[in-house]
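What follows is one structure encoded as structure tokens, with my remarks underneath.
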Amino acid sequence: MSIKVLLVEDERDLADFVTRGLREEGYVVEAAADGVAGWHFLKRGQWDAVILDWGLPGTDGLTLLTQFRAKDKTTPVLLLTARDAVPDRVRGLDSGADDYLCKPFAFDELLARIRALVRRPSQSTARTIEQLGVTVDLETHRAERDGAKLELTAKELALLVFFMRHPRQVLTRNRIYEQVWDERYDGISNTLEVHVKELRRKLEAHGPRLIHTLRGQGYRFESADEDEDAR
Ligand code: CA
């Protein structure tokens, strides 16, 4: 059965490019070019995934998302954004987006995200995410490990949420930088290492290591047991 994707994007070239690309991959795509048309399509259809631009004429993407989530809590939504600040991303996720992608992006990256969203069970849009004994309430930003509260900065929280949304996957430095900092890794900066170190310190006050370094590759979020099994 074909997968139905709604694209709400006002930049025509980008919309055409994404629509064409997804159709070539076998998706059924409908496109709306502004917030009003977007809302019409959102209300009407049963979508397997929605790609929603944040900045739209008419009604902006975040408002649409909030309206949509009031009636549909399960359809996965990928938010497209030119906004790079972490508080904006947290706001996007708080409003019910399942993932976000910063412009400009590679089509392959978009495709990978859509595949992951369509695969993902629908409880992923819950307000709370839980992985390996760690819980984050996306509404209140309260983070806990096995019931013990974690005092995290906004960046540490964004980093932790990113790890939790991609458990057991190899996450390259570049991908983490792009998603959490919206920058390409310059190969020199140790910003990520510093944040990982702090996050580990806070997590490991309440249990074994969850963020594992893979030499020359990046990081993986998993329990110590799984780590040993993999060897
Ligand atoms: Ca736009």
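What you see is a predicted model; the values in this text were computed from it and never measured. Order of appearance sets the numbers: ligands from 1, and atoms from 1 within every ligand.
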Ring geometry between Phe221 and Phe163 (parallel below 30°, tilted from 30 to 60°, perpendicular above 60°):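 Parallel, since the angle between the ring planes stays under 30°.
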3.0 Å cut-off met by an N, O or S atom of Leu80 to the Ca ion (ligand 1):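 Looking at Leu80, which is the residue asked about, there is no N, O or S atom under 3.0 Å from the Ca ion (ligand 1).
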Proximal heteroatom of Asp10 relative to the Ca ion (ligand 1) (N/O/S):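 Of the nitrogen, oxygen and sulfur atoms in Asp10, the Ca ion (ligand 1) lies nearest to OD1.
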Asp53 atom (N/O/S) at minimal separation from the Ca ion (ligand 1):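 The Asp53 atom nearest to the Ca ion (ligand 1), restricting to N, O or S, is OD2.
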Polar side-chain atom of Tyr177 near backbone of Leu192 as donor-acceptor pair, under 3.5 Å: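 Present.
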Check ion pair Lys103-Asp53 (N to O, under 4.0 angstrom):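 Result for this pair is yes, salt bridge flagged.
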Basic-acidic side-chain contact under 4.0 Å: Glu178, Arg175: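 No salt bridge links Glu178 with Arg175.
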